[in-house]
Amino acid sequence: MNTNELPKVLEPKEFEDRIYQFWMDNHLFEPLPENGKSPFAVVIPPPNVTGVLHMGHGLNNSLQDALVRYWRMKGHPTLWVPGTDHAGIATQQVVERRLAKEGKTRHDLGRENFVKLTWQVKEEHHAIISQQLKKIGASVDWSRERFTLDEGLSKAVREVFVRLYERGLVYKGYYLVNWDPSAQTAIADDEVEYKEVQGFLYHLRYPLSDGSAWLEIATTRPETLLGDSAVAVHPDDERYASFGGKTVRLPVVGREIPVIADSFVDREFGTGVVKVTPAHDPNDFEAGLRHNLPQINILNPDGTLGPNVPERYKGLTTVKARELIVQELTEQGFFVAQEPHKHQVGHCYRSGAVVEPYLSEQWFVRMKPLAEKALAALREDQIRFYPKRWEHTYVNWMENIRDWCISRQLWWGHQIPVWTCESCGHLHVKTEAPRNCEKCSSDRLIQDEDVLDTWFSSWLWPFSTLGWPEQTPDLARFYPTSALVTAYDIIFFWVARMVMAGTEFLGQAPFRDIYIHQLVRDKQGRKMSKSLGNGIDPLEIVNEFGADALKFTLVYLSAQGQDILLDKDGFKFGSKFANKVWNASRYLMMNLPEEGILERSQLEYGPADRWILSRLNGAIRSIDTAMQAYKFNDVGHTIYDFFWYDFCDWYIEASKLDLASTEPSIKRQAASKLLYVLEESLRLMHPFLSFLTEEISQKLPVHAPNLVQAPYPEALPERDAPEVEAHFAALQELIRGIRTLRSEFTLPPEKNIRLIVGLDSDHPEHDFFRAQEKLILMLIGAQELTWGASGSVHPGAVTVVGRGWEAYVFVKDLVDVVKESEKLSKTIEKTMKYVQSVDNKLANPAFTSGAPAEVVEAERTKREEAEKTLKRLKAYLVQLQS
RNA sequence: GGACGAUUAACUCAGUGGUUAGAGUGCUACCUUCACACGGUAGAAGUCCCCAGUUCGAGUCUGGGAUCGUCCACCA
């Protein structure tokens with residue numbers, strides 16, 4: 001017979017890699033063929049290829065894995081598409097930093113070589129990322145892995161660009177955009193993070209050209225004075241009414257600029273006069289357009305001062321220029337004062353560099369028409385957010401959408417599919433490079449040098465990964481996908497835009513359910529980051545506790561809508577549970593019957609068996625409900641409670657009676673039944689403790705070939721046994737009560753205790769209790785139990801009173817009557833109070849007529865029980881004091 | 001300025017209008033009894049942020065307030 005024993009200590013490292021390999025070798029993560037059940041598809045939020053997985057990925061992928069494994073076991077053809085994102089700015093910077101160490105820039109290599117090198121770096125990192133996903137057990141279909149820059153996805157990107165262009169939704173224009181001087185590229189509005197910075201508000205004097213007076217303006221950026229082309233006041237501001245139409249002479253540069261009136265000026269702020277720098281401030285840019293002001297650019301692409309400034313300012317950083325201009329203004333008497341001032345400064349979310357508003361020619365996507373379709377998708381219930389409240393965020397963003405700047409002045413990315421004829425200037429927007437100009441036949445065609453925003457490929461992810469624009473079988477079968485699992489910080493960047501792309505190009509939202517999970521933070525609630533050094537590496541957890549501990553802990557903690565605060569020790573929780581599962585299984589393996597396991601049909605069920613099967617039914621139902629509502633923490637609780645409290649603490653304990661039997665057939669029955677319940681529990685837990693359950697399962701004498709595609713347990717109505725559950729609940733109460741007594745009077749376990757249980761003959765558990773005498777004795781560690789009538793008097797015994805019963809335990813030493821009486825009086829008082837409160841409730845006609853009948857009935861029953869308990873308590877008190 | 005969330009045991013958090021509000025960790029006592037000391041058995045621990053309201057009944061729903069947090073917009 002099977003003598004496979006489990007090692008004494010759980011060492012996840014011993015089997016995790018082997019098990020993962022086993023799953024892959026057998027192609028278990030690939031979708032099943034058509035079987036009449038609806039497919040379940042998920043695309044992974046592609047991690048940056050040059051990043052490393054952090055705990056956020058740990059959470060994200062643990063939840064997806066749980067979800068995907070659950071539906072796969074439910075028999076749905078399931079697909080989880082893996083892949084990575086080329087992450088334009090981030091990756092290019094990784095490579096540029098590498099070059100910088102050799103004293104080189106990307107320009108030393110040239111575009112072609114630089115891109116080649118970046119592909120190499122990508123390959124190195126990609127291997128790491130894939131390895132990490134395997135380590136945490138992600139059941140992704142590696143045969144379908146994609147990369148945002150691979151050929152198929154690039155084709156999708158070009159196709160989308162061309163279609164948008166043809167629909168008039170892509171345009172090129174010269175605008176003020178957010179400029180990252182460190183990466184020297186434009187970025188989108190969403191990519192700017194505003195941080196509060198302590199600066200100064202400088203008050204400066206601009207003299208009127210005629211010398212008759214001066215205007216005092218306030219600014220946080222005095223150096224931009226060099227690009228001023230007007231000074232503005234509010235049209236209704238009486239203080240400055242007389243200045244309309246006049247001009248001022250710009251200090252330092254001497255340029256004459258008009259005083260304009262515009263209602264964008266806030267009269268309350270500063271002096272009510274504002275300098276207007278159309279080339280370096282979004283508000284001023286708009287004002288400049290309204291008033292036809294020149295746009296005077298003063299910055300180089302790297303953020304230093306350059307064009308249109310006096311020679312001595314050229315090449316200075318804005319910080320240096322600020323110092324110099326303040327100095328010059330002071331010397332020339334134009335400086336009034338400076339006061340401390342907190343204000344928001346934009347930073348690039350990728351590079352962290354301070355963003356400059358900067359004039360340049362860029363490509364944009366007109367977003368309004370796309371947003372309307374995406375809003376309709378929500379209205380029509382094509383997409384559902386879990387938790388629902390994120391709908392607000394989505395709608396709010398969609399309704400206030402601005403055009404999307406999609407061109408990036410980088411080399412790493414999808415080069416914009418636009419070719420300009422050098423001869424005639426004709427523009428070709430094509431999915432493939434044209435050979436000749438379609439206007440003048442010239443072959444001198446130059447492709448636009450810029451690349452597209454990384455998110456311009458990410459937003460196509462749910463269908464580009466399935467083969468679009470080709471009409472592939474995968475696309476037909478798995479689009480739209482079933483669920484998207486992601487954190488709330490990329491709802492705008494990614495989720496919203498994917499819905500836009502899906503509705504625009506496929507006429508259908510790309511997924512049905514959107515589960516928005518938490519961010520993982522440290523115990524102080526801070527975002528995990530490299531600079532703080534507070535991050536937890538998921539692999540470190542895998543190494544120390546195992547992948548199952550990682551996943552189970554995260555699933556258990558994953559309540560909707562809250563951030564998860566975690567430190568490394570938090571994972572001990574999952575580790576302990578995994579250990580418990582391991583040891584329980586090990587114990588059962590050690591007790592396999594020599595004659596072999598019985599067939600299911602040969603099993604004979606007693607009360608404990610019927611109880612655990614009924615409890616198992618309950619657990620299965622809870623899990624089904626919770627999984628369908630994406631309530632992962634409920635699932636975690638259900639699994640934990642069922643396995644630990646029901647299966648281990650009670651069922652295994654109760655079975656020890658039979659397992660220790662000298663009668664082989666009894667032992668064989670017990671061991672077989674335990675094993676079947678364990679086997680089913682392992683399947684139940686597999687989506688959440690994948691490696692461990694697979695490892696154990698394969699060593700059981702009866703088991704599925706693998707758990708990945710094994711059928712998920714289903715609740716079987718014939719197993720429901722509410723009356724047995726009620727009996728058992730009463731039994732547990734009795735046992736706990738006696739154990740408490742034991743503990744209170746520190747009756748050592750080796751000492752046999754003398755026990756009398758008083759029970760009404762009409763007690764609903766009367767027969768059940770008496771039938772379970774042996775079990776009761778074992779579970780409380782006594783050898784003899786006398787059944788008596790309730791309310792008897794037993795001098796020298798302490799008593800615990802339950803619902804419908806009382807237990808007397810004889811203690812050797814004298815009972816501290818005073819102490820015991822006090823405690824008892826307290827309990828009596830509490831119970832009386834309770835009875836009183838229920839009485840009040842029942843005496844209230846509003847309650848008896850207003851509340852549902854079963855609630856009223858339940859209250860009555862509880863009252864009666866409490867009343868009975870009270871009687872017994874009082875009787876005991878009397879006895880104690882006599 | 002706008003929106004959203006949170007506030008429950010010492011800590012981290014669950015909690016679906018209906019028992020006397022729960023878990024994990026930590027703490028206390030006892031137990032190395034033959035699966036597990038990453039364990040067992042018990043115990044202590046609560047103004048469910050505050051105020052009003054709705055309801056037969058509120059930790060749960062409504063309104064107001066306080067504190068903390070997040071996002072969006074933004075004052076040069």
Side-chain angles (χ1 to χ4, degrees), chain A residues 6 8-10 190 194 201-202 217-221 224 232 264-266 268-271 273-277 281-284 341 343-344 387 389-390 392-393 396-397 400 488-489 491-492 519 523 525 545 549 553 556-557 559 561-567 569-570 572-573 575-591 625 631 633-634 636-637 640-641 648-649 652-653 656 660 735-736 739-744 746-750 779-781 830-831 833-834 837-838 841-842 844-852 854-856 858-859 861-863 865-866:
Chain A
L6 296 176
K8 192 163 163 68
V9 180
L10 167 60
D190 310 87
Y194 289 90
L201 191 60
Y202 300 84
I217 60 100
T219 179
T220 53
R221 303 194 57 188
T224 61
F264 89 100
V265 178
D266 178 357
E268 308 300 318
F269 189 87
T271 57
V273 189
V274 61
K275 60 198 269 316
V276 181
T277 322
D281 180 275
N283 281 317
D284 295 2
H341 180 70
H343 59 132
Q344 304 283 327
R389 65 188 158 87
W390 292 109
H392 272 288
T393 310
N396 190 46
W397 187 75
N400 296 289
Y488 60 78
D489 57 343
I491 292 179
F492 304 142
L519 292 180
K523 283 279 185 189
F545 303 112
T553 304
Y556 190 91
L557 291 177
Q562 275 288 100
D563 287 340
I564 296 183
L565 273 57
L566 257 185
D567 58 16
D569 281 350
K572 280 186 184 167
F573 173 78
S575 173
K576 280 184 177 181
F577 184 61
N579 189 61
K580 188 73 181 178
V581 174
W582 182 261
N583 275 299
S585 308
R586 192 165 71 87
Y587 169 70
L588 300 201
M589 299 288 283
M590 287 163 62
N591 285 287
T625 307
K631 294 191 171 174
N633 65 320
D634 283 358
H637 274 95
Y640 188 94
D641 293 353
C648 292
D649 287 355
I652 290 185
E653 289 307 317
K656 283 180 178 173
I735 287 164
R736 287 196 183 108
R739 281 172 174 172
T740 304
L741 267 191
R742 239 214 133 119
S743 171
E744 274 170 6
T746 51
L747 300 169
E750 73 272 12
L779 292 176
I780 59 177
K830 207 175 147 195
T831 312
K833 249 179 161 171
Y834 173 66
S837 79
V838 180
K841 230 191 244 187
L842 290 170
N844 183 352
F847 173 70
T848 44
S849 61
E854 65 261 30
V855 171
V856 177
E859 290 288 336
T861 313
K862 282 182 296 187
R863 194 211 167 279
E865 277 173 0

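By convention in this document, chain letters (A, B, ...) are assigned in the order of the sequence lines, proteins followed by strands, and residues within each chain are numbered from 1. Everything numeric here is computed off the predicted structure, so don't read it as measured data.
The side chain of A:Ala584 sits closest to B:A35 out of B:C74, B:A35, B:A76. Ranking B:C74, B:A35, B:C71 by closeness to the A:Arg586 side chain, first place goes to B:A35. Nearest to the side chain of A:Phe847, among B:A76, B:C72, B:C56, sits B:C56. Nearest nucleotide to the side chain of A:Tyr640, out of B:A76, B:C74, B:G24: B:G24. Side chain of A:Asp266, nearest nucleotide from B:A76, B:G18, B:G24: B:A76. For A:Asp649, whose side chain is taken as the heavy atoms from C-beta onward, the closest listed nucleotide among B:G5, B:A76, B:G40 is B:G40. Among B:U19, B:A35, B:C72, the nucleotide with an atom closest to any side-chain atom of A:Glu653 is B:A35. Residue A:Asn583 has its side chain nearest to B:A35 when only B:C74, B:A35, B:A42 are considered. When distances run from any side-chain atom of A:Ala851 to the nucleotides B:C56, B:U41, B:A35, the shortest one goes to B:C56. Comparing atom distances between the A:Ala846 side chain and each of B:C56, B:C36, B:C72 picks out B:C56 as nearest.
As rounded to the nearest Å, B:C51 and B:U67 have C1' atoms that lie 15 Å from one another. Nucleotides B:U28 and B:G18 are separated by 35 Å at their C1' atoms, to the nearest Å. Taking atom P in both B:U12 and B:C38, one finds a spacing of 25 Å when rounded to whole Å. Rounded to the nearest Å, the gap between the P atom of B:A35 and that of B:C30 is 24 Å. The separation of B:G40 from B:C34, taken at their C1' atoms, amounts to 14 Å, rounded to a whole angstrom. On the P atoms, B:A9 is 8 Å away from B:C49, given to the nearest whole Å. Rounded to whole Å, the C1' atom of B:C4 lies 29 Å from the corresponding atom of B:A76.
Using a 4.0 Å cut-off, some side-chain N or O of A:Arg739 falls inside it from OP1 or OP2 of B:A42. Note on A:His341: a side-chain N or O is less than 4.0 Å away from OP1 or OP2 of B:A76. Phosphate contact (OP1/OP2 of B:G40, side-chain N/O of A:Lys580, threshold under 4.0 Å): present. Regarding contacts with the backbone of B:G24, every side-chain N or O of A:Lys576 stays at 4.0 angstrom or more from both OP1 and OP2. Using a 4.0 Å cut-off, no side-chain N or O of A:Lys841 falls inside it from OP1 or OP2 of B:U19. When the side-chain nitrogen and oxygen atoms of A:Thr740 are compared with OP1 and OP2 of B:U41, none of them lie within a distance under 4.0 Å.
Comparing A:Val274 and A:Phe577 by the nucleotide of RNA chain B that holds the closest heavy atom to each, the one mapping nearer the 5' end is A:Phe577. In this structure, A:Phe573 and A:Gly850 both approach RNA chain B, and ranking their closest nucleotides by distance from the 5' end singles out A:Phe573.
Rounded to an integer number of Å, the gap from CD1 of A:Ile491 to P of B:C72 is 11 Å. Between the CG atom of A:Asp634 and the P atom of B:C13 there is a distance of 17 Å, given to the nearest Å. When the P atom of B:G39 is taken as reference, atom CD1 of A:Ile652 falls 15 Å away, rounded to whole Å. If you measure from atom CD of A:Glu854 to atom P of B:U19, you get 13 Å, rounded to the nearest angstrom. Rounded to whole angstrom, the span from the CG atom of A:Asn633 across to the P atom of B:G24 amounts to 15 Å. Regarding A:His637, its NE2 atom lies at a distance of 14 Å from the C1' atom of B:U16, rounded to whole Å. In this entry the distance linking CD1 of A:Ile735 with P of B:U41 reads 12 Å, nearest Å. Across the protein-nucleic acid pair, A:Tyr194 atom OH and B:G1 atom C1' stand 16 Å apart, rounded to whole Å.
Ring planes of A:His341 and A:Phe269: perpendicular class, angle over 60° (limits at 30 and 60°).
With contacts defined as side-chain heavy-atom distances shorter than 4.5 Å, the pair A:Phe545/A:Thr553 does not qualify. At a threshold of 4.5 Å between non-hydrogen side-chain atoms, the residues A:Ile652 and A:Leu588 count as touching.
Between the side chain of A:Glu268 and the base of B:A76, no donor-acceptor pair under 3.5 Å is found.
With salt bridges taken as basic N to acidic carboxylate O contacts below 4.0 Å, one links A:Lys862 and A:Glu859.
Side-chain atoms of A:Arg221 do not come within 3.5 Å of backbone N or O of A:Asp281 as any donor-acceptor pair.
Annotation: cation-pi pair A:Lys656/A:Tyr587 present, NZ/CZ under 6.0 Å from the ring centroid and within 45° of its normal.
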